*Asks:* 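Here you go, one structure.
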Amino acid sequence: PHLERALELARGAEERGECQQRLSTCYLRSGRLQDLERVVREALSESPAPAVRARLLCDESARHGARGDLEGALAAA
């Protein structure tokens, strides 16, 4: 709930992208793969900074891997 709240309060695109990336990693680690998919999709649509984009794509790749979709994991990476 803390990162979700931080995302709501984020000021500016850079801060918002960082919060979205941290939240996506939390969702990945807690097994909330549908929430991870949603956050990554929203974050990527906002054209985040290259470093944030790279970390989001790593989380997206890991989401595919967690579901056993190795081709999707490779494509997302």
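What you see is a predicted model, and the numbers here were worked out from it, not measured in a lab.
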*Asks:* With a 4.5 Å heavy-atom cut-off, do Arg55 and Glu18 have their side chains touching?
*Replies:*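 Yes, side chains in contact.
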*Asks:* What closest approach, in Å, do Val39 and Gln20 show between heavy atoms, and which atom pair accounts for it?
*Replies:*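 Shortest heavy-atom separation between Val39 and Gln20 comes out as CG1-O, 3.4 Å.
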*Asks:* Does atom CD (Glu14) have a neighbourhood of more than 12 heavy atoms from anything else shown, all under 6.0 Å?
*Replies:* no
*Asks:* Could you pull out the closest heavy-atom pair between Val52 and Pro48, with the gap in Å?
*Replies:* CG1-CB, 3.8 Å
*Asks:* Find out if a path of hydrophobic residues (ILVMFWY) with successive side-chain heavy-atom gaps under 4.5 Å connects Leu33 to Leu74.
*Replies:*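 In one cluster with Leu33: Leu74, no.
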*Asks:* When hydrophobic residues are tied together by side-chain contacts of less than 4.5 Å, even through go-betweens, does Leu57 share a cluster with Leu23?
*Replies:* yes
*Asks:* Minimum heavy-atom separation for Leu36 and Tyr27, please, with both atom names.
*Replies:*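 Of all heavy-atom pairs spanning Leu36 and Tyr27, the closest is N-CD1, 3.7 Å.
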*Asks:* Would the number of heavy atoms belonging to other residues, nucleotides or ligands and lying under 6.0 Å from CZ of Arg29 be above 12?
*Replies:*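 Check fails, neighbour count at 12 or below.
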*Asks:* Just checking, any donor-acceptor pair under 3.5 angstrom between side chains of Gln21 and Thr25?
*Replies:* yes
*Asks:* Hey, is the main chain of Cys58 close enough, under 3.5 Å, to the side chain of Ser61 for a donor-acceptor pair?
*Replies:*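 Checking the backbone N and O of Cys58 against the side chain of Ser61, no donor-acceptor pair under 3.5 Å is found.
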*Asks:* Per the side chain to side chain contact (heavy atoms under 4.5 Å, CB included) rule, which among His64, Glu42, Arg67 passes with Glu37?
*Replies:* Arg67
*Asks:* Nearest 0.5 Å, what's the CG-OG distance between Leu44 and Ser24?
*Replies:*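 That separation rounds to 9.0 Å.
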